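In this text, all values refer to a predicted model and were calculated from it rather than measured experimentally. All heavy atoms count here, side chains included; hydrogens, waters and symmetry mates do not.
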Amino acid sequence: MSILFDPRDARCKSPFGAVTTFAAVDFTFYPCGHAVTGCTLLAHHEFSDRWTETELLPTTDEDGAPAFSGTFFAPSQPELIWYHFRLRWADGGESCYGKDGFQSWDKVTPWQLTVYDGRAKTPDWFSRGVTYQIFPDRFRRAKSRDVAGLVGPRTLHENWDELPEYRPNAEGEITCSDFFGGDLQGITEKLDYLASLHVTTLYLNPIFEAASNHRYDTADYETVDPLLGDEQDFRTLCTEAEKRGIRVMLDGVFNHTGAKSRYFNADGFYPGVGAAQSTDSPYFNWFSFHPWPTDYDAWWGIMTLPAVQENEPDYRDFIIRGQDSVVRHWLRAGASGWRLDVADELPDDFIAEIRTAMEETAPDSFLLGEVWEDATTKVAYSQRRR
């Protein structure tokens, strides 16, 4: 054996990969001819910020090769653990051994051990199925509708085969304000086709009222965009999908709203008073102004997407905690899951509350987070995410 330690080799670490809370993890280190007299597994538990040491004892493997083996017990809570080895030599000296071999103590590259909650089960309908993503405006148009009087302004293509207006306008803006009129009924009409593809989950990009065709600038979390239909159309879609063994997952954009939303109401479209109109607005504390009203936190500085303060209690009540909160309401309306937009920009405890609300409302529902990098090692706003 030419390696000293490789976590991908079952002879060195078992079980493979991430482990559940309370798991027993067997480690074996092979001296491979080096005069090692002792070996200790040093583990840093990042979230709890503590170190543990596990002594590996001299042994031989099934082929008679000298080794040091021991069992590490995973903690009772989900954790991110970084580990390396301390080797002792016959002359009394010590060495550090990490991912890049023998290293200095202050520059060691550790291995990663991810400990996750083994009690949390991914429902079979998602983990063992096929997910089909639909951009609702462009999938199928069942009814002809009008954009007049809708939050916007919007334009509607008459010809389904026309090119979208993707170029900047005279002001250099890409407005995403041209619509093709795809709707929920159109999706319902194609369920047999989707079932023939063995689809088991439909993931819909945002369906709530919004000024743009992508609808990531939510204007009203409680209303299906009128171009897509209404809540009854959504309920019908979910009911008919379930008959075919298909679940529906919604896109939750809870990090920001649209500037034209009823909550911010920058252009005064909605009859109520938005945060951009008055400091007395019931939504004023949802946003962070400096100073009010023209300068405010926005998602990546895009001023059409004012960022929400997720720690504001009233916002949490509205999205999560209330008995008819946004998360709960649409699960009761037929959704089986939520996909969280820019999950790594939402507070950890905000996500945890969403999960709790989902488990209470629909125990077999599924929560999915959008993270573009390795989700186990994601750092956002200088903090490691859970």
Practice item. Go through the side-chain N and O atoms of Asp100 and Thr109 and say whether any donor and acceptor fall under 3.5 Å apart. Key: yes
Check your understanding: Are there more than 12 heavy atoms of other residues, nucleotides or ligands under 6.0 Å from atom NZ of Lys378?
Key -> yes
Exercise for review: For the residue pair Asp364 and Asp124, establish whether any side-chain heavy-atom pair is separated by less than 4.5 Å.
Suggested key: no
Practice item. Step through it carefully: locate the ring centre of Phe29, locate the ring centre of Tyr97, and say whether they are under 6.0 Å apart. Key: yes
Review point. Below 6.0 angstrom between ring centroids: does that apply to Phe234 and Trp330?
Key: yes
Check your understanding: Under 4.5 Å between any side-chain heavy atoms of Val115 and Pro78, yes or no?
Key -> no
Revision key, fill the gap. From the list Tyr283, Phe284, Trp286, ring-ring contact (aromatic ring centres under 6.0 Å, His included) partner of Tyr315 resolves to Trp286
**Study point:** Any side-chain heavy-atom pair of Ile207 and Leu250 under 4.5 Å
**Key:** yes
**Study point:** Close side-chain approach of Ile246 to Thr200, heavy-atom, < 4.5 Å
**Key:** no
Point to revise | Flag for His329-Glu231: side-chain donor and acceptor within less than 3.5 Å | key: yes
Practice item. Using a cut-off of 6.0 Å, state whether more than 12 heavy atoms not belonging to Arg355 lie near its atom CZ. Key: no
Exercise for review: State whether the number of non-hydrogen atoms from other residues, nucleotides or ligands found under 6.0 Å of Glu359 atom CD is greater than 12.
Suggested key: yes
Check your understanding: What do you reckon, are the aromatic ring centroids of Phe287 and Tyr263 less than 6.0 Å apart?
Key -> no
Exercise for review: Would you check if the side chain of Asp183 reaches a backbone N or O of Ala142 as a donor-acceptor pair within less than 3.5 Å?
Suggested key: yes
Practice item. Spell out, as yes or no, whether a donor-acceptor pair under 3.5 Å connects the side chain of Asp178 to the backbone of His157. Key: no
Practice item. Please examine the side chains of Phe68 and Thr59, heavy atoms only from C-beta on, and report whether any two atoms are closer than 4.5 Å. Key: no
Check your understanding: Would Thr377 and Gln112 count as having a side-chain donor-acceptor pair, cut-off 3.5 Å?
Key -> no
**Study point:** Any donor-acceptor pair under 3.5 Å from Ser325 side chain to Ile320 backbone
**Key:** yes
**Study point:** Asp137 side-chain N/O to Asn213 backbone N/O, donor-acceptor pair under 3.5 Å
**Key:** no
Review point. Any side-chain heavy atom of Arg215 sitting closer than 4.5 Å to one from Leu227?
Key: yes
Study note, to complete from the structure: Apart from Trp300 itself, members of its ILVMFWY cluster (side-chain separation under 4.5 Å) are Trp299, Ile302, Leu305, Val342
Review point. Do the ring centers of Trp111 and Phe27 come within less than 6.0 Å of each other?
Key: no
Point to revise | Charged N-O contact under 4.0 Å between Glu62 and Arg11 | key: no
Exercise for review: Ignoring hydrogens and angles, tell me if any N or O in the side chain of Lys190 forms a donor-acceptor pair with the backbone of Arg140 under 3.5 Å.
Suggested key: no
Point to revise | Full working for side-chain hydrogen bond (donor to acceptor under 3.5 Å, both in side chains) between Ser76 and Thr21 | key: CA-CA 5 Å; Ser76 60; Thr21 50; over 6 Å; no
Review point. Just checking, any donor-acceptor pair under 3.5 angstrom between side chains of Asp220 and Tyr270?
Key: no
Exercise for review: Go through the side-chain N and O atoms of Asn205 and His214 and say whether any donor and acceptor fall under 3.5 Å apart.
Suggested key: no
Practice item. Decide yes or no for Tyr83 and Pro7: does some side-chain heavy atom of the first lie under 4.5 Å from some side-chain heavy atom of the second? Key: yes
Review point. Are the side chain of Asp317 and the backbone N or O of Arg321 linked by a donor-acceptor pair below 3.5 Å?
Key: no
Review point. Hey, is CD on Glu242 packed in by over 12 heavy atoms from elsewhere, all under 6.0 Å?
Key: no
Exercise for review: Check whether Ile134 and Val253 end up in the same hydrophobic cluster, where Ile, Leu, Val, Met, Phe, Trp and Tyr are linked by side-chain heavy atoms less than 4.5 Å apart.
Suggested key: no
Review point. Are a donor atom and an acceptor atom from the side chains of Glu94 and Trp89 found within less than 3.5 Å of each other?
Key: no
Review point. More than 12 non-hydrogen atoms from neighbouring residues, nucleotides or ligands closer than 6.0 Å to NE2 on His34, yes or no?
Key: yes
Check your understanding: Can you tell me if Glu79 and Ser48 form a side-chain donor-acceptor pair at under 3.5 Å?
Key -> yes
Practice item. Measure the shortest side-chain to side-chain distance between Glu46 and Arg384 over non-hydrogen atoms and say whether it is less than 4.5 angstrom. Key: yes
Practice item. For Ser95 and Arg86, test the side chains for any donor-to-acceptor distance below 3.5 angstrom and give the result as yes or no. Key: no
**Study point:** Expected output: side-chain Arg154 to main-chain Val151 donor-acceptor under 3.5 Å
**Key:** yes
Check your understanding: Can any side-chain N or O of Ser278 pair as donor or acceptor with the backbone N or O of Gly274 at less than 3.5 Å?
Key -> no
Check your understanding: Does the pair Arg235/Glu240 count as a salt bridge with the N-to-O cut at 4.0 Å?
Key -> no
Check your understanding: Aromatic ring centroids of Phe289 and Phe264 under 6.0 Å?
Key -> yes
Exercise for review: Scan side-chain atoms only and decide if Thr71 and Asp26 contain a donor-acceptor pair under the 3.5 Å cut-off.
Suggested key: yes
Point to revise | Arg328 side chain to Thr361 side chain, donor-acceptor N/O pair below 3.5 angstrom | key: yes
Exercise for review: Indicate whether the side chain of Gln185 and that of Asp233 have a donor and an acceptor atom separated by less than 3.5 Å.
Suggested key: no
Practice item. Tell me whether the centres of the aromatic rings in Phe85 and Phe5 are closer together than 6.0 Å. Key: yes
Check your understanding: Where the side chain of Ser365 meets the backbone of Ala362, is there a donor-acceptor pair that is under 3.5 Å apart?
Key -> yes
**Study point:** Check: His44 ring centre within less than 6.0 Å of Trp51 ring centre
**Key:** yes
Review point. Going by atom types alone, do Thr218 and Thr257 pair a side-chain donor with an acceptor below 3.5 Å?
Key: no
Check your understanding: Do Glu162 and Trp160 meet the criterion of a side-chain donor-acceptor pair at a distance under 3.5 Å?
Key -> no
Exercise for review: Could you tell me whether the side chains of Gln309 and Ser288 share a donor-acceptor contact shorter than 3.5 Å?
Suggested key: no
Exercise for review: Of all the heavy-atom pairs spanning Ser336 and Leu331, show the shortest one and how long it is.
Suggested key: C-CD2, 4.2 Å
**Study point:** Any donor-acceptor pair under 3.5 Å from Arg316 side chain to Glu310 backbone
**Key:** yes
Practice item. Mark yes or no: Arg141 above the aromatic ring of Phe180, with NZ or CZ under 6.0 Å from the six-membered ring centre and no more than 45 degrees from the axis. Key: no
Practice item. Run the numbers on Phe254 and Val326 for side chain to side chain contact (heavy atoms under 4.5 Å, CB included), then give the verdict. Key: CA-CA 10 Å; Phe254 303 139; Val326 172; 4.1 Å; yes
Check your understanding: Are Tyr216 and Asp341 close enough that a side-chain donor and a side-chain acceptor fall under 3.5 Å?
Key -> no
Point to revise | Leu340 with Phe366, same ILVMFWY side-chain cluster at under 4.5 Å | key: no
